[in-house]
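Worksheet: the structure to be examined is printed underneath.
Keep in mind that what you see is a predicted model, and the values were worked out from it rather than measured. The sequence lines fix the lettering, A, B, ..., with proteins before strands; numbering per chain opens at 1.
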2 protein chains.
Amino acid sequence: MKLSTRAQYGTRALLYLAVRQEKGPATLKDIARSQQIPLSYLEHLMTPLIAGGVVRSVRGPRGGVALARSSDKIKLDEVVQLLEGSSAPVECVDNPNVCDRSRSCVTRDVWSDLKRAVDTVLESTTLQDLVERQKRKQPSEQEMYYI
Amino acid sequence: MKLSTRAQYGTRALLYLAVRQEKGPATLKDIARSQQIPLSYLEHLMTPLIAGGVVRSVRGPRGGVALARSSDKIKLDEVVQLLEGSSAPVECVDNPNVCDRSRSCVTRDVWSDLKRAVDTVLESTTLQDLVERQKRKQPSEQEMYYI
DNA sequence: GAGTTTGTAGACCATTTTAGTCGACAATAG
DNA sequence: CTATTGTCGACTAAAATGGTCTACAAACTC
Ligand code: FES
Ligand code: FES
């Protein structure tokens with residue numbers, strides 16, 4: 001039940017954008033430096049986030065990326081879905097046909113419960129929630145370095 | 001958030017043992033055939049389960065493996081732990097020192113929530129629960145083939 | 001419109017993990 | 001002793017992961 005670095009890096013990057021939302025777009029370079037993510041890897045994480053409508057980008061000088069919506073409208077389940085795919089721990093939870101006996105398989109029921117539990121957590125957490133938790137933890141922090 | 005085949009195969013194998021618990025040990029060969037698991041792979045799954053005290057084994061003719069305890073005393077979290085390691089989605093949840101800022105990291109808090117949610121499901125499900133769910137689903141099934 | 005600054009797309013690659021095989025061996029029933 | 005079972009370790013093929021690099025496209029500045 002591991003999460004790849006994609007979701008970890010991606011969430012950190014989005015949190016960074018959420019914190020400085022009013023300051024306009026941030027460059028990928030800034031995000032990469034501040035969040036300790038390899039720049040050329042971060043590019044690849046942005047692609048699905050942009051395609052998924054979570055982030056918008058502006059090219060050219062003074063460009064960068066920013067959240068496409070306000071942070072309280074972005075739930076983590078969407079972020080994780082875009083970066084890692086479904087949260088189903090085994091494929092047949094989403095797609096019963098891959099196992100021929102899935103109709104009567106009780107282990108599949110457990111894996112479904114697992115997916116439901118994970119989604120419940122991720123659906124109930126928005127980027128704004130993270131920003132607020134962070135304010136509570138380090139109210140006087142000036143810049144947000146590596147989380 | 002994927003589960004490897006180890007946990008899937010392992011759980012199926014244990015469920016098989018739970019269903020036929022009173023019949024004494026089953027051979028690995030039987031389990032492998034019935035649950036569609038490569039025999040030589042199944043051997044490797046049994047090792048940690050035996051070491052972890054979930055399964056006991058008997059060598060020699062008429063030998064095999066059986067549950068080491070009654071099925072209602074075996075929770076799935078133990079099984080998954082033995083076969084996959086911790087359910088923590090990122091390492092710093094279990095071991096905060098791997099990230100230097102873990103004290104103030106809010107994304108880590110989310111991953112902790114995730115682990116908690118997963119563990120809650122797995123701790124509240126025993127092999128006996130699975131057996132009962134199965135009886136309810138296919139009360140007249142004679143043998144348990146591939147789940 | 002030349003030049004610089006940004007993001008975009010794709011091919012490419014090294015390492016690690018996963019899933020599995022194989023062969024030798026150990027225990028034990030008969 | 002021998003057949004039958006489990007045990008252990010080395011090995012391997014294939015996939016996933018985590019990343020780099022090059023070429024390019026858009027947009028702003030002068
Ligand atoms: S249906 Fe897919 S594991 Fe049983
Ligand atoms: S502390 Fe490990 S990801 Fe933030």
Which residues share a side chain to side chain contact (heavy atoms under 4.5 Å, CB included) with B:Pro96, sequence neighbours left out: B:Ser102, B:Arg108
Rounded distance (Å) that lies between atom P of D:dC8 and atom CE of B:Met46: 14 Å
Partners passing salt bridge (Lys or Arg N to Asp or Glu O under 4.0 Å) against A:Arg59 (at least two apart in sequence or in another chain): none
Short side-chain to backbone donor-acceptor contact, B:Arg101 and B:Cys105, under 3.5 Å: no
Base-contact (B) and sugar-phosphate-only (S) positions in nucleotides 10-21 of chain D, heavy-atom cut-off under 4.0 Å, - elsewhere: B-------BBBB
Protein-nucleotide distance (B:Leu28, atom CG; D:dC8, atom C1'), rounded to Å: 13 Å
Pairwise side-chain hydrogen bond (donor to acceptor under 3.5 Å, both in side chains) hits with a residue in residues 90-99 of chain B, at least two apart: B:Ser86-B:Asp94, B:Asp94-B:Lys115
Degree of bending in the helix from C:dG1-D:dC30 to C:dG30-D:dC1 once both end axes are built from five pairs, to 10°: 10°
Given A:Ile74, A:Leu14, A:Val65, the one that forms side-chain contact (heavy atoms from CB on, under 4.5 Å) with A:Leu49: A:Leu14
Non-hydrogen side-chain atoms of A:Leu127 and A:Asp72 separated by less than 4.5 Å: no
B:Thr125 (side chain) donor-acceptor with B:Leu122 (main chain) under 3.5 angstrom: no
Residues which pass salt bridge (Lys or Arg N to Asp or Glu O under 4.0 Å) with A:Asp113, listed by chain and number, not counting sequence neighbours: A:Arg116, B:Arg133
Partners passing salt bridge (Lys or Arg N to Asp or Glu O under 4.0 Å) against B:Asp30 (at least two apart in sequence or in another chain): B:Arg33
Counterpart residues, side chain to side chain contact (heavy atoms under 4.5 Å, CB included), relative to A:Ser4 (two or more places apart): A:Arg6, A:Glu84
Residue-level proximity of residues 47-62 of chain B to DNA chain D when a heavy atom falls under 4.0 Å: B:Thr47, B:Ile50, B:Ser57, B:Val58, B:Arg59, B:Gly60, B:Pro61, B:Arg62
Pairs flagged by ring-ring contact (aromatic ring centres under 6.0 Å, His included) wherever residues 25-76 of chain A is involved - sequence neighbours left out: A:Tyr9-A:Tyr41
Positional range of nucleotides in DNA chain C within the contact set of chain B, heavy-atom, under 4.0 Å: C:dA19 to C:dA29
Backbone N/O of B:Leu15 and side chain of B:Gln35: donor-acceptor pair under 3.5 Å: no
By side-chain hydrogen bond (donor to acceptor under 3.5 Å, both in side chains) - contacts of B:Glu132 (at least two apart): B:Gln128
